[in-house]
Amino acid sequence: MKIDALKVFKDKGEKITCLTAYDASFSKLFDECGIEVILVGDSLGNVIQGAENTLGVSMNDMIYHTQAAAVGINSALLIADMPYQSYTNAQQALMNAQLLIKAGAKMVKFEGGAAHQACFEILQANNIPVCGHLGLQPQSVLEMGGYKVQGKDKDSAQQILEDALLLESLGVLIIVLECVPSDLAKKITHALTIPTIGIGAGLSCDGQILVSYDMLGINTNQTPRFVKNFLTDSNSIKGAVNGFIDAVKGQKFPTDKHSY
Ligand code: KIV
């Protein structure tokens, strides 16, 4: 998928399908099924490394898995996460983003808003496409006091909306909204011209993403409310991915049961 096509999907009202992948076998399978965006998420800290959070994921980990996932992709847009502490200043952000692009990513994803304005500016000046990530930011789990729904009160909801508008004005091309009330995600989605991709953010987002291991029921320790296991209704991984695509395109996922 070409980056320009993201906005076309939003304008047409066609939902964008996204899954995480960390290696060539899964990225190839997802790509062949027609998933439009593949994210090499730093969730690899949880699902590949077995850690409690994503704070231990390094740039080397991200480069290794981005290179692997890139091999399997023919047409999906590959986004790679900037890991914890890899964008503490603009120069560092630029250097690390360039490494992920060299590894095969077509876009890099940052968690957070106004605090990283200088990073977004330098990437824009250097023509590196950026995806934002607002709401629950797993790299800030310690500051946020756990994995909690964000934007539940008026002030924090307003802050997330303002961050989203700021990111759009800084040239960010797509924004992941994680664990925010559906009403807030709807308001943000309508306020932006760029697409929103929801995870635990309700049906109104312009697209949906899940951690692939979650949607295949592999990660069963602590299943968040927004996860659906698509393998239970199918007898193959391809069937599960196609089920996810059909449910997202047909606006049957997420339901209220998967939203806040
Ligand atoms: O790391 C990741 O997989 C993510 C998704 C949950 C959006 O950031």
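We count residues from 1, following the sequence as given. Both counts, for ligands and for their atoms, begin at 1 and track the order of listing. Both backbone and side-chain heavy atoms feed into the values below; hydrogens, waters and symmetry mates do not.
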Looking at Ile79, Thr17, Leu39, which hits side-chain contact (heavy atoms from CB on, under 4.5 Å) with Ile209?
Leu39
Using a 4.0 Å cutoff against the non-hydrogen atoms of [X], which atoms of ligand 1 qualify?
X      : result
Gly41  : 1 (O), 2 (C), 3 (O)
Thr20  : 3 (O)
Ile199 : 6 (C)
His133 : 8 (O)
Leu39  : 2 (C), 3 (O), 4 (C), 5 (C), 7 (C), 8 (O)
Asp42  : 1 (O)

Mind checking the OG1-CD1 spacing from Thr66 to Ile38? Nearest 0.5 Å is all I need.
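Result: 12.0 Å between the selected atoms.
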Exercise: do Glu168 and Thr193 side chains pair donor with acceptor under 3.5 Å
yes
For ligand 1, which is the ligand I care about here, please tell me if Asp81 has any N or O atom under 3.5 Å from one of the ligand's N or O atoms.
yes
Mind checking whether Tyr22 and Phe26 have ring centres under 6.0 Å apart?
no
Heavy-atom side-chain proximity of Ile73 to Phe30 below 4.5 angstrom:
no
Taking the non-hydrogen atoms of Lys109, is any one of them nearer than 4.0 angstrom to ligand 1?
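Lys109: in contact with ligand 1 (<4.0 Å).
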Show which side-chain atoms of residues 246-253 pair as donor or acceptor with protein atoms under 3.5 Å away, not counting sequence neighbours.
unit_1 : atom_1 : unit_2 : atom_2 : d
Lys249 : NZ     : Glu14  : OE2    : 2.9
Lys249 : NZ     : Lys15  : O      : 2.7
Lys249 : NZ     : Glu36  : OE1    : 3.1
Lys249 : NZ     : Glu36  : OE2    : 2.6

Nearest to atom 3 (O) of ligand 1 by heavy atom, Pro224, Ser43, Cys131: which?
Ser43
Residues which pass side-chain contact (heavy atoms from CB on, under 4.5 Å) with Asn53, listed by chain and number, not counting sequence neighbours
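If we apply the side-chain contact (heavy atoms from CB on, under 4.5 Å) test to Asn53, skipping adjacent residues, the hits are Leu55, Val141, Tyr147.
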